[in-house]
Structures are given as C-alpha cells and as structure tokens.
2 protein chains.
Amino acid sequence: MLFKQFDLNYDRPAVTKTETGMSKHGQRVLITLRKMIANGELPPGERVAEIPIAERLGVSRTPVRIAFRTLEQEGLLRKGDRRGYTVRAITPTEIADAIEVRGVLEGLAARLASERGISLPARSHLIECLSTGDALFSKGFLTDEDMETYHDFNMRFHNTIIEASRNVAIEDALSRNDHLPFASVSSIAFNRDDMTGEFRRFNFSHMQHHIIFDAIDNGQGARAEALMREHANAALRYTQILGPTQDMPDNFTVIEREDTA
Amino acid sequence: MLFKQFDLNYDRPAVTKTETGMSKHGQRVLITLRKMIANGELPPGERVAEIPIAERLGVSRTPVRIAFRTLEQEGLLRKGDRRGYTVRAITPTEIADAIEVRGVLEGLAARLASERGISLPARSHLIECLSTGDALFSKGFLTDEDMETYHDFNMRFHNTIIEASRNVAIEDALSRNDHLPFASVSSIAFNRDDMTGEFRRFNFSHMQHHIIFDAIDNGQGARAEALMREHANAALRYTQILGPTQDMPDNFTVIEREDTA
DNA sequence: CGTAATCAAATTGGATCCAATTTGGCAAGA
DNA sequence: TCTTGCCAAATTGGATCCAATTTGATTACG
C-alpha cells in the first residue's frame, strides 16, 4: 500500500518491491505507464509510440511492447486503425460509468453471498472489519493514519464479499475497473482541510457496511444487492472533485494500493 | 463470422482474413491458442511454455509471449508463482458464473437505455432486428442458415442496447466474458437433431427480445433490467450440454464470431 | 497551381541473441 | 538411506537486428 500526495513525481528510481521475484523492468514499465496516463503526463488522445517511451523509461522496446498490450486490455490505451496506440481519455463521465458498473457487480456479489450463505471465517472477517471501523469512528474524529486503516479494512470488506459470492467471474469483470483511478475500492481520496466533513462521509460509508452485512447475514439478497449498489455511489464524489483535467487539488490526499498485476 | 462444426481441426493454414492489415502471425497465434484452450487441446491445469508452443505454431517466441500476456488478461491463462503459465480450467460452473455476470451487466445496459432513452437510429435498428426474427420464426421452422441469421441479428440486438446505454464501462467489463466459450452472445450452439425443440427455444428468446424492447421503448427501466437478466439465462443451457470435459456432442452445431481483439 | 507518384523516414512486428533465474538431478557426506 | 549442496539444463525476460508496412514529403507533370 502507498500513502502519498497525488502530484508527486513518478520518476523516482523505483526501489520498492524487488523481492517479488517478478521481472523488474516489465512491472516497473507497466506501473509507470499506468500512472503517467492516470495523472495526465501522457495527455488523453496523445499518440504513444514504442521508441520514445522506451527511451524515456530507459529500457528497450520489448517491455514497452508488452506493456502496451496489457494497457490496451485494461482500457487505458486504444489502438489506432493502422498503427500505434493513443491514450484513452479518462473523463469524469468514464469514471462515473465504471463506478456504476462496479456497483452492479458488487451488488451481484452481495446478493449471491446472501443467497448462498457466507462461510464462518468470511463472516468473522467481515465482523472484524466492522469492529475496526467502529473503533475508528467512536473517537469522533479521523487522523491521516486512520484513513489508511479505513482504506485497508474497506478493501478487505469488499473483497471478502466478492469472494463469498463464490462467483469467480465477478472478480474478473471487476479487474478492469481496478486500473481506472478512483473507480475501484483500491483507491480513496480525502480532503485534509475538511476532516470533519470527511468524518461524516466515511462514517456514513461505514454505516452502509453495517447494514450490508446485516442483509447478507440474514439472507436478504435483494436488500443486500440494492444497498451495495447504493454504497458504490460513495465513490461518485471523486468525479465531482476531479476536473476535466483530472487535477486533484493539493489539499487532497490519495491512498491507493500499489498495482501488482 | 464462422459457421462450422465444433470439433474441426484448427491446424488449417489460416488463409482467411489477410486483408485486415493487422499483423498476421500475432493475431493467428492468439486466436489459435484461444481455440486450443477452449476445446481442451491444451488441457486445464497444463503448464504451457513459450518454446514448445512457438515450435508447434511455427513462429518465434515473440508473438507467443505477447499472446500469453493477452490470454492472461482474458483469464484463459494463469501465471504461476515463479515461472510459466497454466491453462485455467473452464468448467461449466465458470461459464455459468460468467453468464450470470453478463446478465447483470446487460441488465444494467437495458435499464440505462430505458432511463436515458434511446436514439432514433438505435430504435430503428432494434425494430429491424425484431422484424428479421419475426420473419424467421413465422415460417414455423428453422434451417441452418436461419440460425446464422439469428446469430447475426441477436448479436446486433444486444450490442445496440449496450451502446444505447451510453455507459462505456459496460462494454469493457463484458469484453472479458467474450473470450469464454458460450458466455457471450457471440457464440450459440444448437442441436441439429432436434430442430423442433430448438425452434421453440430460440423463439422464446426472440419473444424475450420483444418484451425487452417494449420495456426500453416505454422507459420501464426496472422491467427492462429484470427481463434482460432473465434473458441471459437462455445461455445457461450450454452449461448443461457441455460435460466436464467440454466435449460438444457431434450433433450440435456451433456458430461463433471470429475473435478479432 | 494543383495533383499524383515515387522515394525516404519512421514505426511496428518478428526473430535471434544474451543474461538472469529457477528447476531438477546427481553426488557426496552424515 | 536421507539430506544437502552444487552444477547443468531449461525457461523466461530484455536487447538488438531485420523485414514489412505506412506515413509524409518532395518533385514532376498536367
């Protein structure tokens, strides 16, 4: 997990995570390109060629070629008719679309988890996530560290329900959204200058978690589905914050999970 | 589009479609590997290495490497912990899961199309698809050529609704399913030895198309969504036909669209 | 002056070579 | 006989080279 400002420079030497055993260059190129697209360093509509990118990142064309295909699959690049790729525009509308899709898919997961019943370990895990949140919000305020805690158990809460659905296709369908900024649970943003407002916002989200669990735990599939759909709208706020240029204001902090795939 | 038996051999010299301007080898390798996985020529769980596949297909390792990444994104391959890829098992359960996801996503598309209203050209296109079907079924029986016609307008009907939703994320989320056999509208199968039964089955599907259009055309979003979800279950039949070995009986004919991406 | 044709530069895809890492076997010692 | 360590073979990823295709520009001709 990463805790950072949004507008940091991504040109750092990428020292982290050399222990994975995976190829160094390939992963780094992929992650770097994702971020360059996400923050507009590669403007939407811009044509990207292999050679300039390879030189810019200091690698050969091979890992760049691999990364381009992957980014095309992820929807971040679009291949032209004849030659080359262009950066796909990630507009607030597209993010809102992706959030709506996520709500529907996670709603399906919640309904299936309700109908099929969740395992005891999964249930315990969800309860643990809820308790962690209760402890957080019972203080009456939120710190920056609390936000990281929230981000962590929020992600686990959602992933647990997706697993509990026992429908592997849901995770596959969601994996595309995971690479769009702010369209998945793997990234949240909050305004450091309005922590009171953010407390109320995230507390509301947490209360939704409670009633979603209640619905699932009582086998109320339709209720769980509707609540989870509504819960996804909590992320719609980011489409209001982000302008057309995708500039995140300086007083916002972004927490996101480091992409691995 | 392709009209063929399911168990033909895919080792033919691949003469078709040289006019696309796209790379010959890369596309062919990708398509061939998809089919080899789909029909079990590469058994589930089997470890696939670059060199044997490259030699088997008569190309160098480069296009195979590209194809492996794409197939991993599509969910047909899974990469091992340390090295290599393994063929992901495509069980009837997984196909059923994917069909359920498709129903939910297309249901969302139908609801959005209802709520936002469809354009006049899209409406005309849907009506044209319905008329084509009416002409087909009014004969009282179906021929093999009719099935190809059905497959064609069925695909266009569904794609038109997805476009009419004006939510681009839906198409992205569905694109993964499109590569699973029988999980998308791009492939249908029918029993040549029971064309009477198939007539009734596809006629029912067509009637569903009618009421889905009616719901969309009247702005009944919830109804359209529910109907489209139910409509997806028509594909669930394939999970009954396909055994655990994914063997399609000889008396079944499969119509599927040639994969391009 | 405009249009078409040809040629050069750029870009992409495939093949091959090289380095790095892992896997598996074989041998030696406890 | 079992375990451990080392070496070789295999596999993968990156870099470079080569071929094919496209773009665009310049020139020549109408």
Side-chain angles (χ1 to χ4, degrees), chain A residues 13-34 36 42-43 45-73 76-88 259-261, chain B residues 13-34 36 42-43 45-73 76-88 259-261:
Chain A
V15 285
T16 52
K17 306 194 70 168
T18 320
E19 79 289 358
T20 62
M22 309 203 67
S23 65
K24 300 176 289 291
H25 281 172
Q27 287 293 320
R28 190 177 62 85
V29 168
L30 190 56
I31 294 173
T32 306
L33 285 178
R34 278 207 203 101
M36 287 171 68
L42 292 176
E46 169 138 323
R47 198 154 157 272
V48 288
E50 292 175 5
I51 298 180
I53 297 292
E55 288 177 354
R56 191 165 171 182
L57 301 182
V59 295
S60 98
R61 281 175 47 215
T62 310
V64 176
R65 270 163 69 182
I66 304 273
F68 277 8
R69 311 311 161 94
T70 304
L71 292 170
E72 184 202 354
Q73 288 289 321
L76 295 177
L77 289 183
R78 263 182 144 42
K79 68 171 180 310
D81 280 344
R82 282 303 178 190
R83 154 147 64 182
Y85 288 90
T86 55
V87 178
R88 181 165 165 187
D259 250 328
T260 57
Chain B
V15 285
T16 53
K17 306 195 69 169
T18 322
E19 78 289 359
T20 62
M22 309 203 68
S23 65
K24 298 175 292 289
H25 280 174
Q27 287 293 320
R28 191 176 62 84
V29 168
L30 189 57
I31 293 173
T32 307
L33 285 177
R34 278 208 202 99
M36 286 170 68
L42 292 176
E46 169 140 322
R47 219 175 129 240
V48 288
E50 292 176 4
I51 297 179
I53 298 291
E55 288 176 354
R56 191 164 171 182
L57 301 183
V59 295
S60 96
R61 280 176 47 215
T62 310
V64 176
R65 268 163 70 183
I66 303 273
F68 277 8
R69 312 310 163 94
T70 304
L71 292 170
E72 184 202 355
Q73 288 288 322
L76 295 178
L77 289 184
R78 265 184 144 38
K79 68 171 181 309
D81 281 344
R82 282 301 177 191
R83 155 148 64 182
Y85 288 90
T86 54
V87 178
R88 180 164 165 188
D259 250 327
T260 58

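Predicted model, so just to flag it, every value in this text is computed and none were measured. All chains are named by letter (A, B, ...) in the order of the sequence lines, taking the proteins before the strands, and each is independently numbered beginning at 1.
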Given C/dG13, is OP1 or OP2 found less than 4.0 Å from the side-chain N or O atoms of A/Arg69?
yes
If only side-chain N and O atoms of B/Arg28 are considered, is one of them under 4.0 Å from the OP1 or OP2 phosphate oxygen of C/dG14?
no
Of C/dG13, C/dT12, D/dA15, the nucleotide closest to the side chain of A/Arg65 is C/dG13
Take atom CZ of A/Phe68 and atom C1' of C/dT12, then tell me their distance rounded to the nearest Å.
11 Å
Just the rounded figure in Å: distance from C1' of C/dG14 to CG of B/Leu30.
16 Å
Select one nucleotide: of D/dT12, C/dT11, D/dA15, the one nearest the side-chain heavy atoms of A/Arg47.
C/dT11
When you compare the side chain of A/Tyr85 with that of A/Glu46, does any pair of heavy atoms fall below 4.5 Å?
no
Heavy-atom side-chain contact between B/Leu71 and B/Leu30 under 4.5 Å:
yes
Base of C/dT11 paired with side chain of A/Arg83 (donor-acceptor, under 3.5 Å):
yes
What is the distance, rounded to the nearest whole Å, between atom CD of B/Glu50 and atom P of C/dT16?
15 Å
Rounding to an integer number of Å, can you tell me how far A/Leu57 CG sits from D/dG14 C1'?
14 Å
Which of D/dG13, D/dG14, C/dG13 is nearest the side chain of A/Ser60? It is D/dG14
Rounded to whole angstroms, how far apart are NZ on A/Lys79 and C1' on C/dT11?
17 Å
Using atom CD of A/Glu72 as one end and atom C1' of C/dG13 as the other, report the distance to the nearest whole Å.
14 Å
Does B/Arg28 reach the side chain of B/Ile31, with side-chain heavy atoms less than 4.5 Å apart?
no
For atom CD1 of A/Ile51 and atom C1' of D/dT22, their distance in whole Å
14 Å
Decide yes or no for A/Glu50 and A/Arg65: does some side-chain heavy atom of the first lie under 4.5 Å from some side-chain heavy atom of the second?
yes
Return whichever of A/Thr62 or B/Gly84 has its heavy-atom-nearest nucleotide of DNA chain D closer to the 5' end.
B/Gly84
Length of the CD-C1' vector between B/Gln27 and C/dT12, whole Å:
14 Å
Sub-4.5 Å side-chain heavy-atom contact between B/Met36 and B/Arg56
yes
